[in-house]
Every structure is written in C-alpha cells, then in structure tokens.
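Encoded as structure tokens, the structure appears first; notes follow it.
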Number of protein chains: 2
Amino acid sequence: MASLRKTDRHAEDETLVETPDLEEFIGYNLKRAYVIVQADFRRALGEDGFAPRVFSALSLVVQYPNVTQSGLARMLGIERSGLVAIVDELEGRGLLKRTNVPGDRRVQALVPTDKGKSVYGEARAAVRAHEDRLLANLSLDEKATLMALLGKIRAGEE
Amino acid sequence: MASLRKTDRHAEDETLVETPDLEEFIGYNLKRAYVIVQADFRRALGEDGFAPRVFSALSLVVQYPNVTQSGLARMLGIERSGLVAIVDELEGRGLLKRTNVPGDRRVQALVPTDKGKSVYGEARAAVRAHEDRLLANLSLDEKATLMALLGKIRAGEE
DNA sequence: CCCATATTGTTAATCTAGTAAACAGTTTAT
DNA sequence: ATAAACTGTTTACTAGATTAACAATATGGG
C-alpha cells in the first residue's frame, strides 16, 4: 500500500494562489493601515510626546472647554473609567484642570490651561506633519475620499 | 487689576467650534472605523469563534500550506514570538499540524488539516457575511475604492 | 574543517489599551 | 420620600503585542 502516504508535500505551491483571501477583507486592510499610521504617529511625536488617545482627549478638551468627563468618554467612544488615567496625565502635565460645576456637584468640567492650549497647537502641527509625510503618496482628493468612506463606516453605527 | 481673571468661563461655546480638529486626521478616523469593524467581527463569529488574528493566520496557512512560522509572522506583520500562541490554538483545535521539514530541522512547517480547511471555509463565509451586513451602506465601488486607498497606505511601508 | 554569525521556535517578563464590576456621592423622577 | 440614574473613581482582569533571552540548528568565510 505504498500509495497511502498522506504527507506528500508539494513544496513551493505558492504559485497556485492568485490573490490571498485576506486581501479581500476590509477589516484586515483596515487593521494593517491603522497599525502603520499609529506606529508612525508615536515615532513622530517622540518619547515624551502624546499617545494618540491622549492627543485626542486634549484636542476635544481644547475645542469643547468645560466638557464633562463622561461626555468626553462618549465622544471618544471609550468607557469613562478608562478616561481617568488620560485626564490624570493631562492634568499632571498642567494642560487642563478639573473644575467643579455650580449646578451639579458630581461632575468635573475639564478646562484647558493656557499651556494646554499652546501645547495642543504644537502637537497638532506635529500630527499634521506626520500625516502629510506618511501619506505623501495620496493626493488631497484621495485623502478626502478616504475620510468620507471611513466616515460612512462610522455612520453605520451610533 | 480686575481684568486679570483668567478663569472666565463662557459656558456653552460649543457653537464656536465649526468642525472638530480630530475629524481632519486620517489616523483618528482609521482607528474609529477599525474599532467598529473589529467589534462586529467578534460579535459575528461568536463566543467560540475565531479572533481576527487567529482567522487571519488560519487563512494564510490554508492558502500557503507548509508556510513556516517565521514566514507567517512576517506576512502578518507581527513578531514570531507572538505567533506561538496563535498556532498553539489552531493546532489545539485540530485545524493545522506542525510538521518537520526534511532539509532544515529548525523550522516547523504549518499544514492545514482537512478539518482546518473546511472550518476555514465556513469561517470565511461568516466573515464575508459580517462585512456585507456591516458595510451595507457602501457600494461595491466604494468598497473597492476604500481597499485601494488602504492598500496605498500599506504600500508606503514595506 | 572551524568558528563566527544568523535563523527558528519558544518562553518569560513586561507594557499598553481597554473592559467590567463595584463604590460613594449626588441628582432626578415618581 | 424613595427608587432610579448618573458621575468620577478604583480595582481586577483580559487581549494583544513587544523585547530579551535561550537552545538547537544552519550557513558562510577563512
């Protein structure tokens, strides 16, 4: 019964695969692209720069002063328990203050400091530079299209 | 010097913000979209289904039988140390086998089992269904465009 | 051949991001 | 007044990933 060997190995049959299944999935390509952009963000902002989520939080606090922590968590799409450390870091760096609100003694309104506003301005410029450099092979039109399509994915939720 | 109060609070000045800075950044929108798709993937594949990365690994093993662990890690863009647990899980479920290669006693070639191939077929169908449902508000053209643009981001690296 | 260098799979330690559950204090609604 | 809901917080936990080290093995140069 020499014909029953099941472990025949055809060695290099990669040539049989025209296009890998994975490339057909949006989720896979989305993740790969996200990992690249996120890694470059960190590289660009450096050792003592902001992590992406801290930058995002600061951005919203600067643009929505007096936002509440729960509100900020909702905007970011994370749990409010997870926001505590982020706000701690920003407050520790002197970029925002937790302030109490007259009408409601539960909430802590988040107010950017002057330093927070100027530091955010610099960080935003650094992030813009990082994206411009990393995505240099996309035209402005392509970037706009990409944003619109990503927005459509987000619009499907809520 | 009554004019030096720095803590004036304008309360609801959200109306001053036309469009939040964050929305201008590709990285932010990429992450938000990725989180949505990834969460739906897990929901769709259920409790004992595959995590995205395990599905990806199985996909590549089925399509590139006899791929080596190092090779697979390179394809997935992760460290080979991180791949061990993934391959352990797939082997534990009886979906692939680690086999030794005649020429080189270091490597473990990964070969899908028959069960592995059929289970992968079903999983792939489930993933396709999940993406079709989740991304129903994108046309085929839009999906193709999105894939192409994500591919361009990946092409920037390598 | 010998020796330095590199590669493979693996383990262990560590880090980050994030969730879930519980909580005390406070507010809102019935 | 009492129940329900909300806010910020802590704690415990999970998933994903990286780094460094290691033994076994392979490769290339003298």
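Proteins get letters first, then strands, A, B, ... in listed order; numbering begins at 1 in each.
- Contact of the A:Tyr34 side chain with the A:Asn29 side chain is not registered, since no non-hydrogen atoms from C-beta on lie closer than 4.5 Å.
- In this entry the distance linking CZ of B:Arg42 with C1' of C:dT19 reads 12 Å, nearest Å.
- Side-chain nitrogen and oxygen atoms of A:Arg105 include none within less than 4.0 Å of the OP1 or OP2 phosphate oxygen of D:dT7.
- Contact annotation: the side chain of B:Glu142 never approaches that of B:Asn137 to less than 4.5 Å [non-hydrogen atoms, C-beta and beyond].
- The two atoms that bring B:Gly27 and A:Val37 nearest to each other are CA-CG1, 3.7 Å, heavy atoms only.
- The end-to-end axis angle of the helix from C:dC1-D:dG30 to C:dT30-D:dA1, rounded to 10 degrees and based on five pairs per end, is 20°.
- A distance of 8.0 Å separates CG of B:Asp104 from OG1 of B:Thr68, quoted to the nearest 0.5 Å.
- For B:Glu91 and B:Lys97, the salt-bridge test fails: no basic side-chain N is under 4.0 Å from an acidic carboxylate O.
- Of all heavy-atom pairs between A:Ser70 and A:Arg80, the closest is OG-CD, 3.4 Å.
- Ionic pairing of B:Glu24 and A:Arg128 is present here: one or more N-O contacts between side-chain nitrogen and carboxylate oxygen are shorter than 4.0 angstrom.
- Remark: C1' of C:dT19 and CG of A:Leu76 are 16 Å apart, rounded to the nearest angstrom.
- Taking the six-membered ring for Trp, B:Phe25 and A:Phe41 have ring centres at least 6.0 Å apart.
- Annotation: proximity of residues 44-60 of chain B to DNA chain C (heavy atom, distance under 4.0 Å) is found for no residue.
- A heavy-atom distance below 4.5 Å is not found between the side chains of A:Pro20 and B:Ser59.
- For the pair A:Gln38 CD and C:dC15 C1', the computed distance is 13 Å after rounding to whole Å.
- Remark: A:Glu122 does not engage A:Lys117 in a salt bridge, criterion side-chain N to carboxylate O under 4.0 Å.
- Side-chain N or O atoms of B:Thr113 include one that pairs as donor or acceptor with a backbone N or O of B:Gly94 at under 3.5 Å.
- B:Glu79 pairs by the salt bridge (charged side-chain N to carboxylate O under 4.0 Å, His left out) definition with nothing, not counting sequence neighbours.
- Ion pairing between A:Asp88 and A:Arg98 holds under the 4.0 Å rule for side-chain N and carboxylate O.
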Please list, for nucleotides 28-30 of chain C, all pairs of protein and nucleotide N/O atoms separated by less than 3.5 Å.
none

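- The distance from atom CD of A:Glu79 to atom C1' of C:dA22 is 14 Å, rounded to the nearest whole Å.
- Side-chain contact, A:Arg124 with A:Tyr120: no donor N or O sits under 3.5 Å from an acceptor N or O.
- Whole-Å rounding puts the A:Ile78 CD1 to C:dT16 P distance at 16 Å.
- Summarising the geometry, the separation between NZ on A:Lys31 and P on D:dG16 is reported as 7 Å, rounded to the nearest angstrom.
- Counting to the nearest Å, the P atom of D:dA15 and the CG atom of B:Leu83 are 17 Å from each other.
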Between the protein and nucleotides 12-14 of chain D, are there any N/O to N/O pairs under 3.5 Å, and if so, what are the atom names and distances?
none

Listing time: all N or O pairs from protein to nucleotides 9-11 of chain D that are below 3.5 Å?
| residue | atom | partner | partner atom | Å |
| --- | --- | --- | --- | --- |
| D:dT9 | OP1 | A:Arg98 | NE | 3.3 |
| D:dT9 | OP2 | A:Gln69 | OE1 | 2.8 |
| D:dT9 | OP2 | A:Gln69 | NE2 | 3.0 |
| D:dT9 | OP2 | A:Arg98 | NE | 3.3 |
| D:dT9 | OP2 | A:Arg98 | NH2 | 2.9 |

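- With 3.5 Å as the limit, one finds no donor-acceptor pair spanning the side chains of A:Asn100 and A:Gln108.
- Annotation: side chain of A:Gln69 is not in contact with side chain of A:Ile86 (no heavy-atom distance under 4.5 Å).
- With rounding to whole Å, A:Ile86 atom CD1 is found 9 Å from C:dA17 atom C1'.
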